[in-house]
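Heads up, the thing below is written out as structure tokens.
Just so you know, these numbers come straight off a predicted model, no measurement behind them. Values reported hereafter were calculated over all heavy atoms of this structure, with side chains retained and with hydrogens, waters and symmetry mates removed.
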Amino acid sequence: MNKLKAIIAIFAIFLFVGCAERKVVVENRAVVSIAPLKPLVENILGDDFEISVLVPQGASPETFEPTPKQLRDVETARFVFGTGLLEFEQELLHRIARNEQIINLSQGIELIAGSCSHSHQSHSTTCEHGHHHAHGIDPHIWCSPKALGKMAENTYNAIVKEMPDSTKYTERYTTLCIKLLELNEEVSELCSQSPRSTFFIYHPALTYLARDYGLTQVAVEHEGKEPSAKHLARIIEQAQKEGVKHIFYQSEFPASSVEIICKDCNATAVEINPLEEDIFENIRHIVTLITE
């Protein structure tokens with residue numbers, strides 16, 4: 001009996017040690033799901049936190065799978081910022097034990113829904129594709145300066161809630177707000193003064209930009225596939241009528257996806273990457289191309 005009690009006691013000690021080892025140690029690190037979110041966080045936190053990006057450059061958020069190390073980094077980070085709209089972000093909530101630090105930056109933004117059918121009422125994008133965004137919501141909120149303003153506010157609120165006595169974050173947030181207001185005014189002016197309000201793009205990643213600034217986005221992609229001959233003919237006819245100068249395609253798609261249209265309407269195929277880290281300069285670049 002004494003031997004049995006000793007075995008039970010040893011087992012209990014190992015169990016206690018194991019539980020203690022599994023205790024999560026929170027580190028002064030911040031994690032963002034995609035690169036365009038990093039400047040928002042960095043402009044407020046400065047150098048106080050190490051900031052890492054989950055989806056590496058060149059990878060697609062649609063097919064991204066975090067590594068075991070990244071999952072550990074997420075669980076031990078003090079802050080994890082995401083759009084709340086990408087499928088892998090949703091899965092993180094179920095895959096890590098400590099998920100209360102995951103901040104949804106889409107809160108307060110009027111989202112565009114429709115089972116992944118990106119459509120507007122007045123400034124429309126018509127396309128359906130096979131991507132699996134959370135709840136059938138178009139996730140590309142970071143491509144609009146107006147939406148970035150709300151995302152910056154959500155970032156700031158999460159930081160000051162955790163560290164309410166740090167006034168430097170308020171000062172940095174104020175500076176960021178001025179930067180975003182200037183970007184908003186610049187984009188608004190470009191769009192309002194340009195005679196061109198329609199742009200053509202292979203995959204509809206600029207839906208929020210179009211809605212917020214009175215633009216019309218026309219997607220070449222049809223139901224997540226190469227367009228049919230009939231659909232392509234309609235796109236070419238519309239592009240010729242609009243006299244477009246550029247047809248956009250994203251980095252993950254080949255230039256050949258828009259070359260036929262470009263040839264028939266004397267436009268140039270232009271590669272863009274909505275997942276560039278410097279989202280401020282990227283938006284300026286894209287809007288300049290749309291409106292020139």
Side-chain angles (χ1 to χ4, degrees), residues 34-36 58 60-62 83 85-86 111-112 114 116-131 133 137-148 187 190-191 194-228 230-276 279 281-292:
I34 54 175
S60 169
E62 308 296 342
T83 68
L85 303 173
L86 297 165
L111 301 175
I112 299 171
C116 265
S117 175
H118 298 181
S119 58
H120 312 165
Q121 294 180 355
S122 56
H123 309 296
S124 64
T125 300
T126 305
C127 76
E128 294 182 13
H129 52 85
H131 295 170
H133 305 316
I137 300 294
D138 185 321
H140 305 101
I141 54 176
W142 62 89
C143 293
S144 166
K146 289 184 180 179
L148 283 175
V187 170
L190 283 171
C191 292
S194 174
R196 197 181 308 280
S197 62
T198 299
F199 64 94
F200 290 69
I201 187 170
Y202 185 75
H203 173 70
L206 304 177
T207 315
Y208 291 91
L209 177 69
R211 182 192 67 184
D212 292 344
Y213 295 92
L215 302 172
T216 299
Q217 175 180 249
V218 179
V220 176
E221 183 185 65
H222 185 60
E223 296 181 349
K225 303 173 185 177
E226 289 285 329
S228 65
K230 186 176 181 180
H231 180 72
L232 191 59
R234 287 197 300 266
I235 294 290
I236 291 171
E237 182 181 0
Q238 186 177 357
Q240 289 172 336
K241 183 180 178 181
E242 296 286 348
V244 298
K245 296 175 65 175
H246 306 299
I247 310 290
F248 301 108
Y249 67 97
Q250 287 90 330
S251 305
E252 61 264 35
F253 298 103
S256 59
S257 61
V258 297
E259 282 176 345
I260 293 176
I261 304 172
C262 290
K263 183 178 179 182
D264 286 353
C265 64
N266 197 30
T268 304
V270 176
E271 179 181 334
I272 61 171
N273 180 14
L275 290 169
E276 286 283 353
I279 188 60
E281 201 54 47
N282 199 26
I283 287 175
R284 284 191 181 91
H285 171 65
I286 291 171
V287 173
T288 299
L289 288 171
I290 290 172
T291 57
E292 69 179 12

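- Of all the heavy atoms in P61 and I34, the pair that sits closest is CG-CG2, 4.1 Å.
- Across all non-hydrogen atoms, the minimal contact from C265 to A239 is SG-CB, 3.9 Å.
- Two residues are said to be in side-chain contact when any heavy atoms from C-beta on lie closer than 4.5 Å; L215 and L206 fail this criterion.
- Residues I260 and I236 have side chains in contact (heavy-atom distance under 4.5 Å, counting atoms from C-beta outward).
- The residue from V270, V187, I272, N273 that alone fulfils the side chain to side chain contact (heavy atoms under 4.5 Å, CB included) condition with I286 is I272.
- Separation of atoms CG (D212) and CD1 (I141) is listed at 11.0 Å; rounding is to 0.5 Å.
- Using a 4.5 Å heavy-atom threshold, the side chains of K245 and R196 count as touching.
- Atoms CZ and NE2, from F199 and H246 in turn, are 13.0 Å apart once rounded to the nearest 0.5 Å.
- Residues Y208 and P139 share a closest heavy-atom pair of CE1-C, 4.4 Å.
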Test side-chain contact (heavy atoms from CB on, under 4.5 Å) applied to Q250 and I201, step by step: CA-CA 8 Å; Q250 287 90 330; I201 187 170; 3.7 Å; yes
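- If you take OG on S251 and CG on L275, they are separated by 8.0 Å, rounding to the nearest 0.5 Å.
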Derivation and outcome, side-chain contact (heavy atoms from CB on, under 4.5 Å), residues L148 and I283: CA-CA 11 Å; L148 283 175; I283 287 175; 3.7 Å; yes
side-chain contact (heavy atoms from CB on, under 4.5 Å) evaluation trace for Y213 with V287: CA-CA 10 Å; Y213 295 92; V287 173; over 6 Å; no
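- Contact detail for T291 and S194: the closest heavy-atom pair is O-OG, 2.8 Å.
- With rounding to the nearest 0.5 Å, the separation of CD1 in I112 from OG1 in T207 is 5.5 Å.
- Considering every non-hydrogen atom in both A205 and C143, the closest pair reads O-SG, 3.6 Å.
- If you take CD1 on I247 and OH on Y249, they are separated by 12.0 Å, rounding to the nearest 0.5 Å.
- Under the 4.5 Å side-chain criterion, counting only non-hydrogen atoms from C-beta, P145 is in contact with L209.
- Side-chain contact between F248 and L289 is present, with at least one heavy-atom pair separated by less than 4.5 Å.
- A distance of 8.0 Å separates CG of D264 from CG of L232, quoted to the nearest 0.5 Å.
- I261 has its side chain out of reach of F200: every pair of non-hydrogen atoms, C-beta onward, lies at least 4.5 Å apart.
- No more than 12 heavy atoms of other residues, nucleotides or ligands lie within 6.0 Å of CD in E237, so this atom counts as exposed by the packing criterion.
- Minimum heavy-atom separation, S197 to G214: CB-O, 4.0 Å.
- The aromatic rings of H203 and H140 lie perpendicular to each other, with more than 60° between the two planes, well past the 30° mark.
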E226 and S257: CA distance, side-chain angles, deciding distance, side chain to side chain donor-acceptor pair (under 3.5 Å) verdict: CA-CA 8 Å; E226 289 285 329; S257 61; 5.7 Å; no
